[in-house]
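Treat the numbers as computed from the prediction; the structure is a model and nothing was measured. Each chain gets a letter, A, B and so on, in the order the sequences are listed, and its residues count up from 1.
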Amino acid sequence: MKEKYENNKRLFDAIAFFIFWAILYRLCPEIGVKSLTSNNHVEGVISLILAALATVYLTPVMASIGDSFSMFFTSPIFKRRWRKFKSLKRGYYSFIIVITLFVLSFFAEFLINGTAIFVKYQGKVKFTLFSYEKARDFGMSGYGSPNYRAMKEIYKQRNSERAKRLRLGTASQEDIQYNNVWGDDWVWMPLYPYGPTESLLDELPCRPPHPPTWAKGSWRDAFFEEALFEIPADKPDAKTLKEQYSAPESWASLDAPMLFRNLALAGKLPLKEGVTPPKGNHILGTDDRGRDVFARMVYGFRISLAFALLTNFLSYCIGISFGALLGYYGGKFDIVMQRFVEIWSAMPFLYTVMIFASIMIPNFWMLVGILVMFNWMGMTYYIRAEFLREKSKDYVAAAKAIGCNDSTIIFKHILPNALTPVISFAPFAVIAGIGSLVSLDFLGFGLPAPTPSWGELLGQGLGNLTKPWLILSPTIAMFLTLLLVSFIGEAIREAFDPKQYSRLR
Amino acid sequence: MYSYFIRRFLLMIPTFIGITFLCFTVTRFVPGGPVEQAILRYQQAMSQSGEAGGGTASSMDTQGQISEEMMTRLKEIYGFDKPFYHAYAIWLWRVLHLDLGRSDTYSRPVWDLIVEKFPISIIFGLTGFLLSYSICIPLGVWKAVKHGSGFDTGSSIFVFIAYSIPGWTAGVLLLMLLGGGSFLNIVPLGGVESTLITPDSKLYSYIQDGGKVSDLPAAEIAKHEDLKDIKDTEKSFINSEHPAFKALPKDKVIKLPQGKHSDLTGFGRFLDVGWHMLLPVFCYVLGSFASMTVLMKNSLMENLGQDYVRTAFAKGLSEKTVIFKHALRNSLIPLATGLGHMFSLILAGSYLIEKVFNINGFGLLGYESLIARDYPVTLGILVIASMLKLIGNIISDLLYCIIDPRIRFS
């Protein structure tokens, strides 16, 4: 990679510059550059300068690091260890499951969403998933974007009415146009047609949080709490109880409120007029703002895992570079910088992060930044130790003797040999990353409000202990994810850093 | 050796300054600080009084306007009139004299607040800590001894489960299951002690004797400051610990119809606190259960593979002697050094657990100070927490040296 880079320096630099600039320009508003000035030119200039700096300093280093990783991953030792890892079925299958789910979750918009994927209206098919559409453009009344679920029903109804008119011969010009040219309108909804940030208060009866649709008992509870059952004027006696409600006669001795409660919860009473039982299929119910819990779980999974992977990747980048420099150069530089790392790691992690997050009210990228800021030190020690050990080996001396420069020795010779702890710690670091995000979200210092998150849901659950679906869903989702990742971690450690225990008996 | 520890102590100074300076600076530069909050409160008060007074023209004009003079006063009160490094220097100087400032929300010295909350956190943290050591060490040893057996695999399942569910999450789950929300109702919802014990509750049998205030002689009531102001003497009670109880006629002594924690007998109080500590302490233990058990097991396994164990076996010692007398003592080293981190551990996990169980301790104080933007308290807690962590690090190094004479820092 490094050689390819050296040979086509201009081309690679240009590509890298463009990529850096695109990322930085995209990130500028996110990391708060925008708040410095409202001038867009300044933002562009800042991102250009940063991109140029990144191209000059980072691209060669990245090419070299890429080299070390590719050497690490293609080495026969790695292949042997990978075979070992594959042979550990529990870890390997967990790995496949987690990777599959994570990749799938990037297509979650196509599977779980309140926005239609395609809409056909008056003969034109439109891809609506990622764009803002006006309800009026689809023949709906009202302002803003259409409610696609309702639209689907309305289109169905209109289609059948049109067919009826055509049959009866009372068709209008438009109907004939539909019949001859356009064809029926339709809405293609995702598999699970509810979005993570979409409030369903208009579609469901009762106050949120709504129970799962299948939990009939909880729904009856909710209806009863809001007095939506039709309560008969007189208290029924034992005979009517038996005949009309087929309820046990012994209930007749109960007080009227208790009796009606029992009848309502047993499903013997009708709902009041105008109250409809819940429509749709919310398999995990809704949260306290009426948003579908299952959709929030899935998007929360994507965000949690992406967050954990990203923070660890960035922390590792900093930690590895720092550790490599410390270990390789040693001496005064090592002593001074080690003190610095020590000072940095003596911070009370959670509380400092809480302080920063509570004051800055961060978005996703700022939160990643804050966590990386206090999280990168861990890897430094391991890489430093590995470098100290590897530095004194013969192959390094040989590389020096043939005149390799420092960067070649660091990236090409030592680093591929020092990456084992990185790989074997990664899964456990991911677990810690998910844990931190969930904790911060739970405390209210995490991602900003409408972002789907497990921790926020847990926080809601703590305030609504009578609504078990709010607690069980995130707990189980988190438990399963962490369990799978810890299986992966266990297997990777077994394969990459095996401890041979010899026993006498 | 000594020079190492002296260096460590000296290193505490820049570390401490670094941590506090960073956080101090952040609290100064981000909007929404105490001055803005005070302005907001003032504006709200103004608009309310404006509404109450019928909204005369003059009050409408001043509404929402803060005079230059008042702004300077506000900045002065909250120490924002000086540049941040100057303010930091002043703050640091005060901290060195153990003056952490006054809380904005409680209007009390921060130091008093922290001292008040500390015992609660320590009781919970220490119980959890001791309990987890006394569970994890035997379990780890047994797992190592029986490595590869059914017991080892079976207990590994629990270790995996405990590792995959953070302690405080389990706390939320258990509160839902056992706290009377949806399923069973056998544990309290939080807090440290009962606030209301009625004849329905199980603890009622441990309630003290007492009597109505109205049954006391009037002269006795006049003697006690706290009884004088009670208006409804028929419905007010004193317990047997009250100094006026002796004056109560013997035939009027009754079992209190209801009470709170302080009306319980000594044993009842013990039960009450234990009952409240059950779930939080379980969560503390769960938090360190997996890592500590595995650490103990691996450490012992490693030692069992060492030469000196082979020698011990070779000279004919029994397995029991070899494991418990030779290997175990060496394998306790990594756990023993963890004792140094006990201080910060007691506090570290507690922000979440104290929040979940509404335990009014150090962690909850820190959390609430952040919510209320009460920076003196936030910084005060940061000072204490980082001092504990720094001291903990040194103690753990020290323990390392004492326990394992092979280790020499230089």
Contact origin within B:Phe183 toward chain A - heavy atom pairs under 4.5 Å: side chain

Chain A contact via B:Leu390 - side chain, backbone, both or neither, heavy atoms under 4.5 Å: side chain

Whether B:Tyr351 side chain and A:Tyr351 backbone form a donor-acceptor pair below 3.5 Å: no

Geometric class of the B:Tyr163/A:Phe428 ring pair [parallel <30°, tilted 30-60°, perpendicular >60°]: perpendicular

Proximal component of A:Val485, with respect to chain B [non-hydrogen, under 4.5 Å]: neither

Heavy-atom pair with the smallest gap, counting every atom of A:Pro468 and B:Met176: CB-SD, 3.5 Å

B:Tyr308 atom OH, over 12 foreign heavy atoms within 6.0 Å: yes

Within 6.0 Å of CZ in A:Phe496, more than 12 heavy atoms from elsewhere: yes

Greater than 12 external heavy atoms within 6.0 Å of A:Arg207's CZ: no

Straight-line distance of A:Leu462 CG to B:Phe357 CZ, nearest 0.5 Å: 9.0 Å

A:Phe445 side, atom CZ; B:Leu370 side, atom CG - distance, nearest 0.5 Å: 4.5 Å

Intermediate values then yes/no, side chain to side chain contact (heavy atoms under 4.5 Å, CB included), A:Trp344 and B:Leu22: CA-CA 11 Å; A:Trp344 206 250; B:Leu22 192 69; 4.1 Å; yes

Interface moiety of A:Leu483 toward chain B, non-hydrogen atoms closer than 4.5 Å: both

Pair A:Phe442-B:Thr169, side chain to side chain contact (heavy atoms under 4.5 Å, CB included): steps then yes or no: CA-CA 10 Å; A:Phe442 173 76; B:Thr169 321; over 6 Å; no

Nearest-0.5 Å distance that lies between atom CD1 in B:Ile371 and atom CG in A:Leu443: 8.0 Å

B:Arg8 atom CZ, over 12 foreign heavy atoms within 6.0 Å: yes

Pairs of heavy atoms under 4.5 Å with chain A: top-ranked of B:Ile165, B:Leu173, B:Leu175, B:Leu177: B:Leu173

Portion of A:Ser345 that has a non-hydrogen atom of chain B nearer than 4.5 angstrom: backbone

Spacing of CG belonging to B:Leu11 relative to CD belonging to A:Glu342, to within rounding of 0.5 Å: 5.5 Å

B:Lys320 atom NZ: more than 12 heavy-atom contacts under 6.0 Å: no

Nearest-0.5 Å distance, CG of residue A:Leu465 to CG of residue B:Leu189: 6.0 Å

Rounded distance (nearest 0.5 Å) linking atom CE of A:Met354 with atom OG1 of B:Thr378: 9.0 Å

Other residues, nucleotides, ligands: >12 heavy atoms within 6.0 Å of B:Phe9 CZ: no

Side chain to side chain, B:Pro166 and A:Leu482, heavy atoms closer than 4.5 Å: yes

Which portion of A:Phe340 sits near chain B, non-hydrogen atoms under 4.5 angstrom: neither

Portion of B:Val356 that has a non-hydrogen atom of chain A nearer than 4.5 angstrom: both

